[in-house]
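We name chains A, B, ... by the order of the sequence lines, and we start the count at 1 in each one. Quantities reported herein were computed from a predicted structural model and do not represent experimental measurements.
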Amino acid sequence: MIAETYITIVALIVLGIYCLVWKSNLVKKIIGLGIFAKAVHLLLITIGFRPGGIPPIVTPQNLQTFASLSVDPLPQALVLTSIVIDLSITALALSIAILAYRHFRTLNTKNIRRMRG
Amino acid sequence: MDLITRTSSRIVALVILFFGIYIILHGHLSPGGSFPGGVIIASALALTAVVFGIKKAEMFIGERTAHIVEGLVALALCIMVIFEFFIRKMLLPLGTQFQLFSAWEILTLNIVGGVMVSMALILIIYLMIRG
Amino acid sequence: MIGYIILILIVATFLSLIVRRDILPIGAIIISFLFLVFLAAGSGIVLFEFGGWEAPFGIVWAADKLSMMIAMLVTGIASLVAVYSLRYIKERRHRYYSLLSLMTIGMLGVSLTGDIFNLYVFFEIFSISSYALVAFFLDDYAIEGAFKYLVAGSFATTMLLLGIALLYGSAGTLNMADLSSQILQTPMFLVPLALLITGFGLKVAMVPFHFWKPDAIEGTPSPIGAIFTAVSTSIGIYCILRVLFIFSLIELNTLLIVFGVVTMVVGAVMAFMQDNIKRLLAYSSISQIGYILLALGLGTYLGISGGLYQLLNNAIANALLFLSIGVVILYSGGRERLSNLSVKNNILMFCFGIGALSIIGIPPLAGFASKYMIYLAAWEVSPPIAAISIIVAAFTLAYYLKAFSCVFLNPRGRTEIKGIPLIMLIPIIILAALCIILGILPHLGLYVVEPAVQALTNSSGYVAAVLGGG
């Protein structure tokens with residue numbers, strides 16, 4: 001189960017970087033960025049996972065056994081933070097893409113002057 | 001938009017709104033909290049804006065109002081953080097399961113944060129629709 | 001104590017969005033600068049534990065002398081730029097100032113934090129506000145540069161997150177001091193470190209990753225160009241140093257030397273071919289980063305102190321160049337081509353000349369001392385590298401001569417600049433005076449740099465101070 005997840009993560013990272021670097025449409029580049037970031041989030045969650053673990057919610061009943069049973073809650077907090085950051089980057093990127101469309105009348109980087117990076 | 005979308009989204013938007021409020025209010029007891037709840041509330045408004053047009057959405061909350069509310073709420077969050085962590089120096093309490101009003105500090109932080117997130121997202125939605 | 005600085009800045013940012021008073025963010029940045037100077041006068045490492053949680057469990061801010069130096073540099077240059085921008089930015093000024101102070105928050109947080117995920121978060125705050133600032137003018141160049149910078153920058157920060165995730169997976173902690181005590185020198189740790197260095201290197205714009213920088217700087221307002229070339233590269237170099245030294249990976253030094261030499265040469269050659277003054281300055285700053293990386297890679301005490309001193313001088317001189325060229329561009333109606341940009345103003349000519357000479361490293365000015373230290377250190381390690389760096393300095397002289405003569409000495413189509421507002425002149429004159437003073441009395445600069453070098457080389461002291469609690 002865990003091995004498949006890691007394979008998925010590697011595939012997603014490769015896909016994201018491919019989409020980011022070789023596609024020439026601005027929106028596709030943004031999608032590639034999103035895929036890359038989501039793959040890293042999945043990696044973080046998988047690092048904290050433990051087979052058969054309980055959700056990291058502390059209740060009076062499981063206070064004693066919590067540390068030995070639950071999955072690691074820290075990566076989940078990190079991923080939440082990172083999702084918020086990712087959201088703001090995507091929003092900014094999309095609004096810049098909208099502006100670029102309005103200025104250059106195209107979303108293709110090959111037609112936008114000198115924009116080939 | 002056609003009749004089916006309009007009729008169904010009239011109901012669905014309300015359901016989404018209440019679900020967002022539920023997520024925010026139960027942030028200290030179950031997964032969720034201010035950010036997911038705020039996003040869900042904002043998505044209810046996004047549905048309204050897409051289906052009924054941006055004019056209708058602005059009847060609920062205008063762009064100027066969202067600006068001011070967001071700034072005020074962010075300030076309130078700063079003041080609460082100063083109060084909690086710098087002056088009282090206390091750790092956040094643990095909630096009791098299945099009891100809504102059990103951890104006041106987290107509940108208020110969640111509500112303030114949820115309002116802030118939803119206002120910010122509503123602003124983003126308005127800006128993007130207007131272009 | 002240091003947690004309050006960020007709080008002041010955050011409150012000022014949000015308040016300025018509501019009440020639209022420019023004085024709030026400017027005042028907050030200046031206050032934080034004064035506060036940091038006051039803190040840096042004390043001794044030892046300043047610790048701040050968020051929420052009262054102790055070191056390996058909670059988020060801890062730990063400021064040693066190196067962090068203090070970088071933080072003072074950030075807030076100092078940012079306050080000069082903030083004062084200068086009062087007359088430079090004409091419209092949507094409250095947005096500009098809230099973005100500027102957000103950027104300062106991000107850079108300050110990066111330089112002061114002791115937790116690697118917190119570093120990532122502040123790095124993102126700094127990056128996002130800088131993307132928005134690049135796009136601030138909303139013209140063709142700005143949008144193009146902003147999108148390029150956004151794609152490159154968020155690729156870099158996602159790389160950082162990947163590296164941090166792998167580090168957490170193998171060491172199980174995020175505190176930098178704790179990480180360095182847990183770390184084992186196995187090849188497994190090299191993968192996340194390579195990712196981290198790639199990410200920071202993209203932000204620093206060392207040569208294989210430099211493509212975004214000239215475009216981004218071409219589109220920005222000139223004061224933000226000053227922040228980009230002077231401060232944000234310093235932040236990236238600080239992060240590379242922190243990562244390398246906290247993991248005591250001195251073996252990677254050869255890599256830094258190679259990157260440094262390549263960056264130096266390519267930056268200088270590309271700068272020579274530019275026609276646009278802002279692009280020329282951008283490539284020149286890339287070339288100067290090569291010097292810093294080379295000096296830090298040499299690894300000797302002389303090399304590291306030369307590198308950090310060069311960082312300081314480079315920041316001051318680059319800020320000076322961009323601020324004075326900003327006035328020139330503003331008063332000649334937005335022209336940036338070297339072929340048709342020609343002005344007449346003695347003060348600006350003098351200040352630009354001082355900045356250029358200081359970057360080249362001509363004796364009575366600030367850049368000379370640090371460059372001389374770098375040459376000496378390079379000569380000890382390998383003479384050919386020293387020879388290359390001196391040749392690159394000659395190149396620097398050549399392209400600055402070209403820029404200077406085109407902008408200030410060209411008699412054709414000259415516009416005379418009169419009545420520059422005092423509020424723009426004061427930051428320029430302060431920076432020029434710093435260049436001259438540090439050139440005549442170089443030990444004043446070493447007074448700041450020496451403790452930073454000691455803090456950097458003494459990483460076990462840092463670990464003990466952070467984990468022992470403050």
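Considering Tyr141(C), Phe209(C), Phe211(C), Phe228(C) as possible partners of Tyr149(C), the one that fulfils the ring-ring contact (aromatic ring centres under 6.0 Å, His included) test is Phe228(C).
Ion pairing between Arg279(C) and Glu218(C) holds under the 4.0 Å rule for side-chain N and carboxylate O.
Ranked by heavy-atom pairs under 4.5 Å with chain C, the list Leu44(A), Ile85(A), Leu74(A) is led by Ile85(A). Most heavy-atom pairs under 4.5 Å with chain C: of the set Ile13(A), Thr46(A), Asp72(A), Val84(A), this distinction falls to Asp72(A). In terms of heavy-atom pairs under 4.5 Å with chain C, the best-connected choice from Ala93(A), Ser88(A), Ala39(A) is Ala93(A). Highest contact tally toward chain C, considering only Pro75(A), Ser95(A), Ala97(A), is held by Pro75(A) [criterion: heavy-atom pairs under 4.5 Å]. Between chain A and the options Thr158(C), Thr157(C), Ile128(C), Leu174(C), heavy-atom pairs under 4.5 Å are most frequent for Thr158(C).
Both the backbone and the side chain of Ile96(A) come within contact range of chain C, each with at least one heavy atom under 4.5 Å from a heavy atom of that chain. For Asp86(A), no part lies near chain C; criterion is any non-hydrogen pair under 4.5 Å. Proximity to chain C (any heavy atom under 4.5 Å) is restricted, for Leu43(A), to the side chain, taken from C-beta onward. Proximity to chain A (any heavy atom under 4.5 Å) is shown, for Ile125(C), by neither the backbone nor the side chain.
Other residues, nucleotides and ligands contribute over 12 non-hydrogen atoms within 6.0 Å of the OH atom of Tyr6(A).
Panel note: side chain Tyr131(C), backbone Ser154(C); a donor-acceptor pair is recorded below 3.5 Å. A donor-acceptor pair is defined here as one N or O able to donate and one able to accept, closer than 3.5 Å; no such pair exists between the side chain of Ser82(A) and the backbone of Leu78(A).
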Dump the intermediate steps for ring pair (Phe, Tyr, Trp, His ring centres under 6.0 Å) on Phe155(C) and Trp212(C), then the final yes or no. CA-CA 12 Å; Phe155(C) 182 71; Trp212(C) 58 268; over 10 Å; no
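Here the OG1 atom belonging to Thr13(C) is positioned 9.5 Å from the CG atom belonging to Leu99(C), to the nearest 0.5 angstrom.
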